[in-house]
Amino acid sequence: MPWSDAEAITASLSRPELFADVFRRHFDAVHAYLARRTGAGRADDLAANVFVIAFERRGSFRADADSARPWLLGIATNALRNEWRSERRALELLTELRLAAGSSEAGGASDREAPLAAALTELSPDQRDVLLLHVWEDLSYDDIAQALEIPIGTVRSRLARARERLRSTLAEGAVSEQEVER
Amino acid sequence: MSDELEYLRTIRPTVPPPSDEVRRQALAVLGQLMDDAAAGPGAASAPRGRRRRPRPSFGVAMSALATVGACLIAVAAVVLLHHGPSRHASARRSAAGTIILGRIVSSTGSLLAGYSPAYAVELVARRMPAGDLTRHGLEAPAALYVRLARALGVSTHRSTCQIDPVARLVLEEIPCQVVRQRAIQARQPYANALLQTRVSARTRSYLLAQRAELPGVEVVRVYRRTAADVPGSGLLKQYAPELGAGDTVRTAIHPRLQRVGERALARAITANPPADGGAFVAMDPETGAIVAIGSLSRGHVAAGTDRAVALAGPVGTTFAPITALAAMQSGTWHVDQSYDDTGQFCVPGSTRCLYNSGHAAYDVVNMVHALQVSDDVFFDNLGALLNANPLSHPTGGALQHWARAFGLGQPTGIDLPGEAAGTLPSPAQLEQLYREELECEHATGPYAGGEKHPASQGGCGIAPTPDWTVGNNIDTAVGQGDDQVTPVQLAVAYGALANRGSLVTPHVATAIDRHDGTVLRQIQPAPRRHLALDPADLNAVRAGLRAAASQPGGTSTDVMGSFPEPVYGKTGTAQSISNGALTDSAWYACFVPASATNRPIVVVVTVEKGGFGDVAAAPVAREILSQWFFGRPGRWTTGTSTTL
C-alpha cells in the first residue's frame, strides 16, 4: 500500500481530491455493512452519504488510527439511527429466511437462528450497534470504541448486556420449541 | 466465542457488492464536494478549469437520513414518495455557474469582499411536469415549493422573510406564479427561479441525488457574497472577464478610513434631520486611487458605494470654482476684477432677483473673496455673464465647456458598476427635457399608456418651457436646478484643482493578483485629459478655497480652520424641491494638495437633505482628513455657516 488511510486523509485536507483513495478502499465494506443492516436498496444511498459526511469531517479523523474502516463504520452506524424501520424490515426478512431454512433443514442450528434474528430487534440500538460491529464486521473492542467514540468499558458493558439478552432469548426459544413439540 | 455469538455470526447476511453504477454515482457526489473544497476561498491550489463530472441520479431514496436535517426529511417524504428510480436526469449546470469566484482586499490586504460557494435550490418552471401533477405523484408545484422552502429553513411568509432579495422575490412571486405554470411557459417571467439559501453540502448532495425524482427542481452551486455592502464589492463583476477562481482584486481602500467615513457620515445623517442618506469619496488626486468610498441610506449602510457613483444631483456652490475658472479662462472675468455685491442680483431681462443666503451683502469682492465667503450674488453675476446665445450655442457657452472639461455630467470611468453620467444643463439638454415633458403631459412615447398630465394642470414638472434663459445659466453656475453631478465626478474635478489640471481616472482596484500570488496586472489608468489652466487663474481659485477653509468669514473655517494640514475646501448647499418642500442637501469638497503633503487627498461628502454644507457635510470631511493624516478621526467638529 503506497500510503495509509491516515496519510491519505491528512493529505486530502489540502488536496481534497485525494479523499477519493479512501472512497475506493472502503466503499464496498461500508456498503456491505449498511446492506446487512438495512437491505441493499437503502445501502446504495446511505453509503454514498457516509462518504459525504466523512469527507466533511475528515479534519477530525484520528491520525494515529491505522485504518479508516472503523471510523467510516462509525459514521455509517450513526447514519443508521434514523433507519430503524429499514433495519427492522431487514431483520424480519432475515428471521423469515432463517425460519424457511430451518424448516427445510429440519432442526439443527437454524432452529435457534430464527429467534436469534428476531431477538436482535429487541436489543437497544446501542447494544445492537456494538454487537453487530463486533460479530458481523469483526471490529475489535478498540475499533468499536473508536468508531462510536465511546470508552472501551462502555463497549464491553454493552456487548455483555447484548449477549445476556440473546442468551435468554435463546433459552426461551428452546423452551417454547419444546412446548410446541409437546 | 460463546454460542449466541457463534449463532449470530452464522446468520450474518451475505450481501452482493454494490454495482458499478452505485459506486460511480457515489463517487460523483463526492467528486463535486471535493471540487467545491478545492475551488473554495482559501484553497491554495484552486483549479482554473473545472472538470465536468457525471451528475448522479440515484434511485429511490425515501427514508430519512440520520444526518440530513429533519426538515429535509419532510421534503423527501412528501416529494419523493412512490417514485421509481430514474437514470435519465441529465447533468446541467445552472447559469449561476457564471458567477465569479474571487475576493477583494483592502490596501492592507484585509478581506473586503469575496464570494464563497453556497448551494441553492432552483425551481425551473418549464422543467416541471405539465398537466395533472397529481398524476405524477407530485404535489402541485406551489405546495412543493412551499415545502422545499420550509425544508431548507427559508420562510415563505412575506413579513418574516429575512433572506436574500433574490430569494425574497421568489418567495413572494413563485407560489402564485408556479401554479399557473402553463402561463409561465408562455411568458416565462420566472423561468429560472432561485431559492437561494445556504444549505449544507450534505443536504445539497442529498437533493442532488434525488434530482431525478424532482422534475424542475435543480440543486445548483452559487456564490454568495461573504461581505455585503463593502466598498468595491462591485469590482468582482467589473473585472470578471479577467478573474479566475481564487484570484484577488487588490484595492486602494484603507479599511480604517473607510470605517471612519461610514461612521462620520452616519453621525452627520443622524444629527441633521431630515437627512436620509449621503455619500463620501476620498481619492488620491495624483493617481485617482480611491482610498475610501461609501454611501449610506437612512442611516444604515445600505447601498454600499452606490450613491457615491450613482447619485447625481445639484451640488450647490461646490460648483463655483468651475464657474470661476470658466469665467477667467474665457476672458469673461479677470482674476483681479472686483464686483460690488449689494446683496441682490436681478436677472437681466426678468423680474427675478436673487439674494445671498441670509440676505448678506459682501460689498466689494474679488474672486478669492467671493469663493471664501461663497458669495452667491457674485457667481450669479458670472453665470449671467457666461450665458451664450442658445441659438448659436445649443450646447452652451464657456460655462458648459469648462464644466465638461472638468468631467461634470459625464461618467468618470470609475471601476464600479452603476455609475451615473449625470447631466449638465444646456439649451439642447433643456429642449430634450421639454420633449420629455410633452411626452409625459400627453402620455406618449415612454409614457404611453400612463395618465395624462395636461399643462393646464401643472404638467409633469420636468421642464416647463424649452426656452433657455439666462436664469438657466445662473442656476448652472451656482450648482442648482438641473445640474446633475455625482460625488465621484466632483472628486475628480476637485482633484484637477489639487493636481493643477489633470483629470484623473478614479479607480478602486490597483492590481489583480493570481491565486498563486503572481500579479496579473497593475491597474493604473491614465488621466483622461490634462486641462490647460492659466496658473494665475488656478491660483486665485485655490487661494479662495484655502481662505474659505481657514480665514475669518470662510464658509468652513469653523470646521477646518484648526486643522493642521492646509485644507482647500468649498461648501455647497443644493436646494431642491422634494414633495413640495424645499430641502437642502449639504455638500463639501476639499483637498490637501501634493504641494503641502506627501499624502495628498481629495474628499467629497454629501448629506442628502442634511441642510447647509458647513453644518452637515464638512464635519464628515474633517474626520476623514483627520484619520488620513493622523490615524484618528479626532473630535467631531461641526460648523455654523449658512451659505449655499
Side-chain angles (χ1 to χ4, degrees), chain A residues 12 14-20 23-24 27-28 31-32 34-56 75 78-83 85-86 90 93-94 97-98 109-110 112-114 116-117 119-120 131-132 134-136 163 166-167 169-170, chain B residues 1-19 21-40 43-45 47 51 56 58-68 70 73 76 85 200-206 208-210:
Chain A
S12 75
S14 53
R15 292 182 57 199
E17 70 273 15
L18 297 177
F19 197 78
F23 175 91
R24 287 190 200 94
F27 182 75
D28 284 10
H31 185 275
L34 290 165
R36 276 192 275 277
R37 290 194 60 175
T38 64
R42 285 301 298 133
D44 289 356
D45 234 24
L46 290 171
N49 274 280
V50 163
F51 281 87
V52 166
I53 297 160
F55 178 74
E56 287 181 338
I75 293 170
N78 282 328
L80 285 167
R81 275 295 143 90
N82 284 359
E83 293 293 324
R85 277 186 199 149
S86 306
L93 194 64
L94 187 63
L97 282 172
R98 286 292 129 190
S110 54
R112 296 179 176 183
E113 289 163 4
L116 194 63
L120 283 174
L131 185 69
L132 295 183
H134 181 55
V135 180
W136 283 359
R163 290 174 60 179
L166 290 185
R167 258 201 297 273
T169 305
L170 285 177
Chain B
M1 190 174 273
S2 59
D3 272 2
E4 63 277 2
L5 295 192
E6 283 297 343
Y7 285 131
L8 194 55
R9 189 183 297 280
T10 57
I11 65 165
R12 177 187 197 242
T14 308
V15 291
S19 68
E21 174 72 1
V22 166
R23 279 196 203 97
R24 194 181 59 74
Q25 286 169 352
L27 187 58
V29 170
L30 190 62
Q32 276 210 340
L33 274 184
M34 296 190 298
D35 269 4
D36 287 351
S45 56
R51 279 164 299 161
F58 275 21
V60 189
M62 249 307 303
S63 52
L65 284 170
T67 47
V68 173
I73 292 161
S200 74
R202 210 178 306 136
T203 304
R204 176 278 206 127
S205 76
Y206 183 77
L208 201 68
Q210 310 311 330

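Chain A is the first sequence line, chain B the second, and so forth, proteins listed ahead of strands; every chain is numbered from 1.
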Donor-acceptor contact below 3.5 Å, side chain A:Trp136 vs main chain B:Pro13: no
Shortest non-hydrogen contact from A:Leu120 to B:Leu8? CD1-CD1, 3.7 Å
Proximal component of A:Phe19, with respect to chain B [non-hydrogen, under 4.5 Å]: both
With rounding to the nearest 0.5 Å, note down the distance linking [atom1] in [X] to [atom2] in [Y].
X: A:Leu132; Y: B:Arg9; atom1: CG; atom2: CZ; answer: 11.5 Å
X: B:Glu4; Y: A:Arg163; atom1: CD; atom2: CZ; answer: 5.0 Å
X: B:Leu30; Y: A:Phe23; atom1: CG; atom2: CZ; answer: 6.5 Å

Does a side-chain heavy-atom distance below 4.5 Å link A:Leu34 with B:Val15? no
Is there side-chain contact between A:Val135 and B:Arg12, with heavy atoms separated by less than 4.5 Å? no
